[in-house]
Amino acid sequence: NAGVTQTPKFRILKIGQSMTLQCAQDMNHNYMYWYRQDPGMGLKLIYYSVGAGITDKGEVPNGYNVSRSTTEDFPLRLELAAPSQTSVYFCASRPSGTGGNQPQHFGDGTRLSIL
Amino acid sequence: DQQVKQNSPSLSVQEGRISILNCDYTNSMFDYFLWYKKYPAEGPTFLISISSIKDKNEDGRFTVFLNKSAKHLSLHIVPSQPGDSAVYFCAASVWGSQGNLIFGKGTKLSVKP
């Protein structure tokens, strides 16, 4: 039961570098989400997708990009990494449901430090 | 401005007693509420949810109560066990918002043997 798989688990970047955080789910969920969690804070939504080819911004999208070419994968791209993007990143997915009332299932996160 | 508030950063309870975690919200459009449990170095795990058409939902040792007039919900854990020690997040969503969740900052529960 893989569920939601995130890679890598840890990464250190230099300011100005770029990288892609990978997220894959094997539950055939249409909806996928990217959140970030800063120390002592709740999770904040970066981007989400309601299906392959469809993405939209969340609460804190600046500095990030996403794509959704398949149902399974939802990568998050950081361009020109900045220290403010040091955080733990969580990917989640959920099945379709009336009005959105289905719980999201989370991966174990990617801990990213930008120095 | 926080739409979902968990005003207690931490809570300590004796094993076997009741744990009560509280959550307040400001957006009256929220219609679906969830509690997630998170252990260190792991992702949040779904625990229990409640729709705004209900005021109570139970699942084993876990019960969530919703008071819409007060914009308040609570999670009761009875009896508490040491394995329940974790950070608990309250989250909410608006119908039709694609399930986008707004999270509180979390409450760290410690259950002492």
Side-chain angles (χ1 to χ4, degrees), chain A residues 1-10 21 23 25 27 29-51 54-61 68 88-111, chain B residues 1-10 21 23-27 29-54 57 59 62 64 66 86-108:
Chain A
N1 294 339
V4 178
T5 302
Q6 292 185 238
T7 55
K9 293 191 183 303
F10 306 96
L21 282 67
C23 176
Q25 53 91 10
M27 298 173 282
H29 289 170
N30 285 328
Y31 291 78
M32 295 188 73
Y33 307 83
W34 274 106
Y35 294 87
R36 61 177 285 174
Q37 185 192 14
D38 298 329
M41 303 295 288
L43 284 69
K44 293 190 175 182
L45 183 66
I46 305 171
Y47 270 94
Y48 66 97
S49 169
V50 302
I54 307 170
T55 63
D56 207 347
K57 295 177 181 179
E59 183 183 357
V60 288
R68 184 96 181 270
V88 182
Y89 292 83
F90 291 102
C91 179
S93 72
R94 72 165 179 87
S96 301
T98 304
N101 288 3
Q102 295 283 344
Q104 295 179 20
H105 303 268
F106 285 81
D108 282 339
T110 294
R111 186 176 298 274
Chain B
D1 188 25
Q2 276 189 278
Q3 296 186 67
V4 177
K5 302 178 184 179
Q6 293 178 258
N7 292 321
S8 298
S10 63
L21 295 94
C23 179
D24 297 294
Y25 62 95
T26 57
N27 188 346
M29 298 297 290
F30 287 145
D31 71 327
Y32 183 53
F33 303 88
L34 308 89
W35 285 94
Y36 281 86
K37 175 180 178 180
K38 186 180 180 306
Y39 293 119
E42 294 185 9
T45 302
F46 169 70
L47 198 55
I48 192 169
S49 64
I50 188 166
S51 165
S52 60
I53 62 173
K54 296 185 176 181
N57 189 26
D59 185 359
F62 303 92
V64 56
L66 175 62
V87 177
Y88 289 78
F89 289 98
C90 173
S93 70
V94 175
W95 192 95
S97 68
Q98 314 298 354
N100 296 345
L101 295 177
I102 306 297
F103 282 85
K105 292 184 178 181
T107 296
K108 184 175 183 179

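So you know, we letter chains A, B, ... as the sequences are listed, proteins then strands, and number each from 1. None of the values given here were measured: they were computed from a predicted structure.
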I need the Y36(B) OH to H105(A) NE2 distance, nearest 0.5 Å. 7.0 Å

Is any side-chain heavy atom of R94(A) closer than 4.5 Å to a side-chain heavy atom of F46(B)? no

For residues L101(B) and Y33(A), determine if any side-chain heavy atom of one lies less than 4.5 Å from a side-chain heavy atom of the other. no

Approximate separation, where rounding is to 0.5 Å, of Q102(A) CD and Y32(B) OH: 6.5 Å

Under 4.5 Å from any heavy atom of chain B - which part of L43(A): both

Might you confirm whether atom NZ of K105(B) has over 12 heavy atoms from other residues, nucleotides or ligands at distances under 6.0 Å? no

F90(A) to E42(B) - nearest heavy-atom pair and separation: CE2-O, 3.8 Å

Atom pair CD (E59(A)) and CG (N100(B)), whose distance is rounded to the nearest 0.5 Å: 10.5 Å

Which portion of A91(B) sits near chain A, non-hydrogen atoms under 4.5 angstrom: neither

Taking only residues two or more places apart in sequence or in another chain, which ones pass side-chain hydrogen bond (donor to acceptor under 3.5 Å, both in side chains) with Q3(B)? N27(B)

Is the number of heavy atoms from other residues, nucleotides or ligands within 6.0 Å of CE (M27(A)) greater than 12? yes

Spacing of Q104(A) atom CD and S93(B) atom OG [to the nearest 0.5 Å]: 8.0 Å

Measure K38(B) against the heavy atoms of chain A and call it side chain, backbone, both or neither at under 4.5 Å. side chain

Only distances under 3.5 Å count here; give the side-chain donor-acceptor pairs of residues 2-10 of chain A to other protein atoms, sequence neighbours excluded, each with its distance to 0.1 Å.
| unit_1 | atom_1 | unit_2 | atom_2 | d |
| --- | --- | --- | --- | --- |
| Q6(A) | OE1 | C91(A) | N | 2.9 |
| Q6(A) | OE1 | G109(A) | N | 3.1 |
| Q6(A) | NE2 | Y89(A) | O | 2.9 |

